[in-house]
Amino acid sequence: MEVNAVVWFRKGLRIHDNPALDRARRGATKVLYPIFVLDPRYLERDRDAFSPGSARAGLGRIQFLLESLTDLDKSLRRLGSRLVVLRGGDPAEVLVRVLKEWNVGKLCYESDTEPYGQARDARVEVFASAAGIEVFSPVSHTLFDPADIIRKNGGKPPLTYQSFVKLAGRPLPPIGQQFSALPPVGDLGEWEDVGVPTIQELGYGDVEFSPFRGGESEALKRMDEYLSDKEKVATFEKPKGDPSAFLKPATTVLSPYLKFGCLSSRLFYHRIQEIYVKAKKLTSPPVSLLGQLLWREFFYTVAFGTPNFDRMRGNEICKQIPWKDDDQLLASWRDGRTGFPWIDAIMVQLRQWGWMHHLARHSVACFLTRGDLFVHWEKGRDVFERLLIDSDWAINNGNWLWLSCSSFFYQYHRIYSPITFGKKYDPTGKFIRHFLPVLKDMPKEYIYEPWTAPLSVQKKAKCIIGTDYPKPVVSHEVANKQCRQKMGEAYALNSGGPSQVNDEKLVELRRKFDQEESTAADQGPKLKQKRLTT
DNA sequence: GTCAGCGTTGAATAG
DNA sequence: TCTATTCAACGCTGA
C-alpha cells in the first residue's frame, strides 16, 4: 500500500547524510511533504529584547536560519520537490493537524535531544502512534546517541572528556545513498505554503552585516576549503589558535553549520579521518580537530543526561555559588563598555558577527563570572545564546558551566587577564582597533590599558577615557583577588555536594559578600584612583 | 580512607 | 621571539 510521507525539518537542514529524508523517500511513498514549521517562539519579533530579534534569537541567527532554509529549498527543487514552509502557531499542533489532514502514513524527523525539542516531539509522537502512523526518528545530529553512551556508562553520563572518549568508540559512517529525484509533493489542502520568508517579511529591518552565509551548500564549500590544507588539519591544536585573528579566523567556523545541521557531523568526522590515515604527523584528542567534534558529543551527552543542565539550582553537577545580581555590570559587559578594550572588542565582535574564537569566548566568560565581575553565568549564557549564530543549547551551557568553574573545571585560580591574555597574541592591538574604532589611534603601549595613557596621549588619539571610551568598571588587580577569595568560600559551602546547599546558606554567603564589598568600597576609592591614574 | 597523578587552552619569569 | 619552568593550586579518579 502506498502512503503519504512527511519529512519534518527542524535542525538537520541538509540533503546529505539525512537518514530521515532517506527513509521518507524510500519504500511505498506516494507523495512526500518536506516541511518546515515557522516556530513563533523562535521567530516572532520581541521589541523588549536588548538586541534586534525574537525572544530567543538575535537577528544574525534568524538570518542564518532563513538562508539555510532557502538553500534547502533550492536543493529540494533540484530533486523535483520543494520545502513546504508552514506557519500557524505551535509546531507540534501544526504537525498534528497536517498529519490528519494529509492522511499521512509515515512521519520522519531527526531526533532532537534538547529539552524543548523532546517535549515538542513527544506530543507529536503520542498522536502519531495513537493514529497508527509509522514514525522514524533517527539520531543524525550527533555522532553518537547520547542515550546509548549513558547506558554504557551505567545510567549516568560520563563527566570527564577522557571517560567519554573511552566509551564513545567510532561513529557510524554517513549514509552514502545517492538519489536524483524525490517523490512529488502532495496536495496541501487547506494549508498555504508561505515559502521561506525574508527577514523583512518577519517584521525586521535589514541585517547590516553578516560574514557567514547559512546553508548546506555554503557548509560543504567551507568544509572542503578548510580540509584542502591537509597538514593544517592533521596538526590542528586548539589551544594554539589565535583568538585575535579575524581576517582569517584560526578555526574552521563550521560551528553554525553543525548547529543547524547544514553539515553532518558524521560526514565531517569521516572526511577528517580520511586525512588522518594518510598523515605523517598527527595531533590527538582533546586538542585535535577530531577532538573538537568529540567535545560537541561530550556536552550533548552530559546535557541530555543531567536534569536542569541549563540552571544552577537543581543541577546536580553544578557548584552552588552566590553570584552577584548586578544588572549594570552585566549591561556594561553585554554592551561592550567595561573599559577593558580586549573584553569590549570581543563583545562587539559577538554583536556584529555572531561569532568569536573559542578562546575569546573564554576570556569574556571568565571576566563576567569568576574572574572579575562575579555575575551569574546564566546571565552571560543568555547573552551568548541570543547573539551567537552557532548558539547550541548543550554546548553553550556546558561551556558556561566550565568557564565559571561551576562544573567540569575547578581551577578557579587560573584567571584570564583582560589585559595580558589578548596582548600575547596581538601586541599591537589590531583586533581592538578593528572592533573599537574609537581606540584606533591609541598608541600600542596603551591599547590594552587606555586609562593609563597620559591625557596628552589621549587627546592626540582623539579618545578621552571617561568621555569617548569608558573607564574600567573594576580594577582587575583587585577584582580577581576578591573573586578567588569568594570562589574559595563558595567551594567550601559545596563540600557536601551541590544538593546540600540550600537557599538559606546561599543567601547567607551572598550577604557576607555584599558586606565585604561595601566595606571595600569605603576604603576602595583611594586604591582605585591610584590605579586609574598611574 | 589516603594520596599521587591528572586535567584542551593561566600568568609571570627565566633563558 | 619562542619555549620551558615556576608558582599556587582546584576537584576528581583510581590504585
Side-chain angles (χ1 to χ4, degrees), chain A residues 153-154 156-168 235-245 249-252 255 272 282-299 302 306 315-321 340 342-343 346 356-367 369-372 395 398-428 444 448-449 475-481 483-501:
Chain A
N153 197 44
K156 291 244 168 199
L159 293 176
T160 65
Y161 181 81
Q162 298 299 347
S163 61
F164 170 82
V165 170
K166 272 185 206 140
L167 286 164
T235 59
F236 181 96
E237 246 181 286
K238 187 61 165 287
K240 291 204 174 148
D242 177 355
S244 73
T251 50
T252 65
S255 52
I272 298 170
L282 198 64
T283 49
S284 307
V287 296
S288 63
L289 191 54
L290 211 71
Q292 305 314 299
L293 271 179
L294 297 178
W295 277 107
R296 177 173 181 266
E297 300 291 316
F298 170 66
F299 284 128
V302 185
T306 307
N315 182 346
E316 263 298 317
I317 66 166
C318 179
K319 299 269 186 207
Q320 304 296 304
I321 297 168
F340 291 91
W342 170 248
I343 300 297
I346 294 168
M356 322 90 99
H357 186 275
H358 188 62
L359 289 178
R361 300 180 193 202
H362 277 215
S363 236
V364 296
C366 178
F367 183 84
T369 57
R370 66 182 171 85
D372 290 87
I395 301 171
N399 277 308
W400 276 97
L401 284 164
W402 185 294
L403 260 297
S404 63
C405 282
S406 296
S407 198
F408 308 116
F409 177 78
Y410 306 99
Q411 288 167 268
Y412 59 80
H413 286 276
R414 291 192 177 178
I415 290 172
Y416 291 86
S417 162
I419 298 150
T420 61
F421 184 72
K423 207 187 265 181
K424 110 184 132 184
Y425 297 98
D426 180 15
T428 60
K444 64 177 192 299
Y448 284 87
E449 301 170 273
S475 152
H476 174 64
E477 225 174 316
V478 174
N480 94 82
K481 284 194 184 78
C483 281
R484 288 173 210 228
Q485 167 81 24
K486 287 178 190 162
M487 287 300 284
E489 291 182 48
Y491 267 38
L493 193 69
N494 280 267
S495 61
S499 58
Q500 302 302 307
V501 183

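Heavy atoms only: backbone and side chains are in, while hydrogens, waters and symmetry mates are out. Note that the coordinates shown come from a computational prediction; the quantities given were computed from them, not determined experimentally. To find a chain, count down the sequence lines: A is the first, B the second, and so on, and within it residues start at 1.
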Legend entry - Ring centroids of A:W295 and B:dT8 base under 5.5 Å with planes under 30°: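 A:W295 vs B:dT8: stacking yes.
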In whole Å, I'd like the distance from the [atom1] atom of [X] to the [atom2] atom of [N].
X      : N      : atom1 : atom2 : result
A:H476 : B:dG10 : NE2   : P     : 14 Å
A:F164 : B:dC6  : CZ    : P     : 23 Å
A:F298 : B:dG7  : CZ    : C1'   : 11 Å
A:R484 : C:dG11 : CZ    : C1'   : 17 Å
A:N153 : C:dC12 : CG    : P     : 16 Å
A:K481 : B:dA12 : NZ    : C1'   : 13 Å
A:K166 : B:dC6  : NZ    : P     : 12 Å
A:K240 : C:dC2  : NZ    : C1'   : 11 Å

Sub-3.5 Å donor-acceptor pair from the side chain of [X] to the main-chain atoms of [Y], do we have one?
X      : Y      : result
A:S407 : A:I317 : yes
A:Q411 : A:F409 : no
A:Q292 : A:P286 : yes
A:D426 : A:G422 : no

So [X], base contact, sugar-phosphate only, or nothing? Heavy-atom distance under 4.0 Å.
X      : result
A:K424 : sugar-phosphate
A:H362 : base
A:Q162 : sugar-phosphate
A:I415 : sugar-phosphate
A:F408 : nothing

Inset, instruction - Determine the Euclidean distance between corresponding P atoms of B:dT8 and C:dT6; express it in Å to zero decimal places. - result: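 Roughly 23 Å separates the two P atoms.
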Legend entry - Short side-chain N/O contact to B:dC6 OP1/OP2 from A:Q411, under 4.0 Å: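 For A:Q411, the contact criterion (side-chain N or O under 4.0 Å from OP1 or OP2 of B:dC6) is not met.
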Inset, instruction - Please check the phosphate of B:dT8 (OP1 and OP2 only) for any side-chain N or O of A:S288 closer than 4.0 Å. - result: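 Negative; the distance criterion is not met.
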Inset, instruction - Return the orientation label for the A:W402 and A:F408 ring planes: parallel under 30°, perpendicular over 60°, tilted otherwise. - result: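 It falls in the parallel class, under 30°.
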Inset, instruction - List for me each residue that meets side chain to side chain contact (heavy atoms under 4.5 Å, CB included) alongside A:T420, sequence neighbours excluded, and say none if there are none. - result: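 Side chain to side chain contact (heavy atoms under 4.5 Å, CB included) list for A:T420, sorted by chain: A:S417.
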Check every atom of [options] against the side chain of [X] and return the nucleotide holding the closest atom.
X      : options               : answer
A:Y410 : C:dT13, B:dT8, C:dC10 : C:dC10
A:R414 : C:dG11, B:dT9, B:dT8  : B:dT9
A:F421 : B:dT9, C:dG11, B:dA11 : B:dA11
A:Y412 : C:dC10, C:dC12, B:dT8 : C:dC10
A:T420 : B:dA12, B:dG7, B:dT9  : B:dA12

Inset, instruction - Would you mind reporting whether A:Y412 and A:C483 have side-chain heavy atoms less than 4.5 Å apart? - result: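 A:C483 vs A:Y412: side chains apart.
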Legend entry - Heavy-atom check, side chain of A:W295 versus side chain of A:I395, under 4.5 Å: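 When only atoms from C-beta onward are counted, A:I395 and A:W295 do not touch, as no gap falls below 4.5 Å.
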Legend entry - Bracket string, DNA chain C, 5' to 3' - pairs by Watson-Crick or G-U geometry under 3.5 Å, | interstrand: .||||||..||||||
